[in-house]
Amino acid sequence: MSEAFLPFSRPFISREAIDEVVSCLESGWITTGPRVAQFTEDLKQYLGAPYVMTLSSATAGLHLALLTMKLEPGDEVITTPLTFAATLNTIVLAGARPVLVDIDPHTLNMDVSRIEEKITSKTRALLPVHFAGLPVDLDEIYRIANQYQLRVIEDAAHAIGTEYKGKKIGSFGDTQVFSFHPNKNMTTGEGGCVATRDAALAKQIGLLRFHGIDRESWNRFSKSGSQDYDIVLPGLKYNMMDIQAALGLHQLKELEGFIERRTELVNRYQEVLRDWPQWILPSEPSFSHRHAWHLYTPLLQEEVAGMDRNEFMERMKNKNIGTGLHYRAVHLYPYYRDQFGFQRGDFPQAEAVGDRIVSLPLFPSMTDAEQDRVIDMMYSIFPH
Ligand SMILES: *Cc1c(COP(=O)(O)O)cnc(C)c1O
């Protein structure tokens, strides 16, 4: 077996996207400018969102969306333990305490039936994650948010293209944060955006993402703009560059095709693995939705498999197949254990899933032959 290493994810960058990046580099304007403006318009169209703020990452988006809430010490934000560290890190950096709700072991999303028992007088926001591109039950999230007067910030890092009951994530609700990291469903290298229907919130994010300056640099430095500006608050430096938007303009056009290919590959995995006793396969909720399939994450039943998840990942690596780990339960990482007193046993569903979950290779340019290799290697580990 001398075949090249197959990574668990690989971005597909078209010739048109590469040419656009080159044009951008040659244009004399490489930071935030006309390509970001165009990409922003395209995202508004695609998402059906009146306001879209492009940023340097989804982490920046979560941070800014939370900063606009002016959280005070002791304030609480409710989220899931089965997520990337950025979801919790930004809650802490914005000054609040993360309060966790265990997951539904079938959808791997936050168990919405257990949110209300965690609400206190200090709760300010719900921050659900659409895990792997499967939407959280948003009717229930927004019902709770309305009843208790809470903000909702959706971590939609996995969910560009996801639909809930016929509506795109980003087209309704409070605030959604998308990621364009290379592993995600579309990429700008690094990058992200916030979608919202709230003009004042969009304005605040616009200020916070660029030093608190009340005018975009493109306007200041173009011939028609003025050089003068005001600082109205202490902002950060989270703007997206035109080099990134050059990629994004083309990735967005290709996104539907990317999701279709991901879905085909997932259907094949589901069909082949259905009868394997070693695996528990992803399952979907009964409400109507479109899964964007950012990740394909079966659970390895270690008792049946005779090995744990880490050993399976190691064996696959030795056979030149990459896999991913999304995610170990976040509350068990040292910082969260020590700072907030979390321990094993607090969120048993997320812990059990976090110990067994593995992301199999899944990316839009993956060929049938590459998927065959993955499946053949899995057969060689679990002959049956
Ligand atoms: C990737 C990811 C993020 C962070 O996205 P970046 O664009 O890399 O900052 C946040 N939350 C979740 C659930 C993610 O998977």
Side-chain angles (χ1 to χ4, degrees), residues 8-11 36 39 43 52-67 77-94 98 100-101 103 107-110 125-136 141 152-162 169-170 175-195 205 208-209 236-241 243-245 247-248 251-252 255 262 282 291-297 324-331 333 336 350 353-354 357-359 362-363:
F8 110 87
S9 179
R10 184 166 61 205
V36 166
F39 184 42
L43 283 166
V52 168
M53 310 305 286
T54 55
L55 298 162
S56 53
S57 69
T59 303
L62 292 168
H63 191 201
L64 295 190
L66 288 158
L67 281 182
V77 175
I78 292 181
T79 191
T80 169
L82 194 73
T83 185
F84 185 53
T87 315
L88 273 76
N89 287 348
T90 48
I91 293 171
V92 174
L93 289 170
L100 303 180
V101 169
I103 59 165
T107 63
L108 310 190
N109 276 326
M110 190 156 79
L126 305 179
L127 206 170
V129 176
H130 301 296
F131 185 83
L134 180 68
V136 177
I141 294 280
V152 177
I153 297 167
E154 299 168 41
D155 182 336
H158 300 179
I160 191 152
T162 295
I169 299 302
T175 300
Q176 297 77 30
V177 181
F178 297 92
S179 173
F180 307 132
H181 178 276
N183 284 349
K184 301 288 165 48
N185 278 15
M186 58 169 275
T187 189
T188 58
E190 298 286 353
C193 74
V194 170
I205 288 179
L208 284 167
R209 77 177 164 186
L236 290 139
K237 182 71 197 312
Y238 282 168
N239 54 306
M240 178 180 277
M241 298 187 290
I243 301 173
Q244 294 167 293
L247 280 175
Q251 289 271 305
L252 187 59
L255 177 62
R262 286 174 175 277
H291 199 316
W293 290 116
H294 163 53
L295 299 170
Y296 179 70
T297 57
L325 205 180
H326 310 90
Y327 302 93
R328 281 161 61 195
V330 183
H331 65 284
Y333 285 107
Y336 287 97
V353 168
I357 199 163
V358 51
S359 301
L362 180 66
F363 50 91

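Indexing begins at 1, ligand by ligand and atom by atom, following the structure's order. Computation of the quantities below employed the complete heavy-atom set of this structure, encompassing side-chain atoms and omitting hydrogens, waters and symmetry-equivalent molecules.
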(message) Below 4.0 Å, non-hydrogen atoms only: which portion of Thr87 touches ligand 1? Side chain, backbone, both or neither.
(response) side chain
(request) Please work out which of the three classes, parallel, tilted or perpendicular, describes the rings of Trp293 and His291, given edges at 30° and 60°. (result) parallel
(message) Testing the 3.5 Å rule here: is there a donor-acceptor pair between the side chains of His326 and Ser359?
(response) yes
(message) Could you check whether any heavy atom of Phe178 sits closer than 4.0 Å to an atom of ligand 1, since that is the contact criterion I want to use?
(response) no
(request) With heavy atoms under 4.0 Å as the rule, classify the contact between Lys184 and ligand 1 as side chain, backbone, both or neither. (result) side chain
(message) Please list the nearest protein heavy atom to atom 7 (O) of ligand 1 with its residue and the distance rounded to 0.1 Å.
(response) Ser179 OG, 2.7 Å
(message) Looking at Arg10, I want to see if its CZ is surrounded by more than 12 non-hydrogen atoms of other residues, nucleotides or ligands under 6.0 Å.
(response) yes
(message) For Ala157, which part has a heavy atom under 4.0 Å from ligand 1: side chain, backbone, both, or neither?
(response) side chain
(message) One residue to check: Tyr327. Relative to ligand 1, which of side chain, backbone, both or neither has a non-hydrogen atom less than 4.0 Å away?
(response) side chain
(request) List the atom of Arg328, the atom of Tyr333, and the distance in Å for their closest heavy-atom pair. (result) CB-OH, 3.7 Å
(request) For Thr59, counting its heavy atoms only, list the atoms of ligand 1 lying under 4.0 Å from any of them. (result) 4 (C), 6 (P), 9 (O)
(request) May I ask whether Ala60 has any heavy atom positioned less than 4.0 angstrom from an atom of ligand 1? (result) no
(request) Heavy-atom contacts with Gly191 under 4.0 Å: which atoms of ligand 1 show up? List them by number with element. (result) 7 (O)
(request) Please confirm whether the backbone N or O of Asn89 pairs with a side-chain atom of Tyr336, one donor and one acceptor, at under 3.5 Å? (result) yes
(request) Check whether any side-chain heavy atom of Asn239 sits under 4.5 Å from a side-chain heavy atom of Val36, and report yes or no. (result) no
(message) On a heavy-atom basis, which atom in Leu88 and which in Val330 lie closest, and how many Å separate them?
(response) CD2-CG1, 3.9 Å
(request) Please answer whether the main-chain N or O of Leu127 pairs with a side-chain N or O of Thr79 as donor and acceptor at a distance below 3.5 Å. (result) yes
(message) Quick check on contacts: which atoms of ligand 1 are under 4.0 angstrom from a heavy atom of Phe84?
(response) 2 (C), 3 (C), 12 (C), 14 (C)
(message) Out of all atoms in ligand 1, which are within 4.0 Å of some heavy atom of Ser57? Include the element for each.
(response) 7 (O), 9 (O)
(message) Just verifying a value: how many Å separate Leu295 CG and Leu134 CG, rounded to the nearest 0.5 Å?
(response) 11.5 Å
(message) List ligand 1 atoms under 4.0 Å from His158, heavy atoms only on the residue side.
(response) 13 (C), 14 (C), 15 (O)
(request) Could you check atom 10 (C) of ligand 1 against the protein and tell me its nearest heavy-atom contact, residue, atom and distance included? (result) Asp155 OD2, 3.6 Å
(request) Indicate yes or no: does an N/O atom of Thr83 lie under 3.5 Å from an N/O atom of ligand 1? (result) no
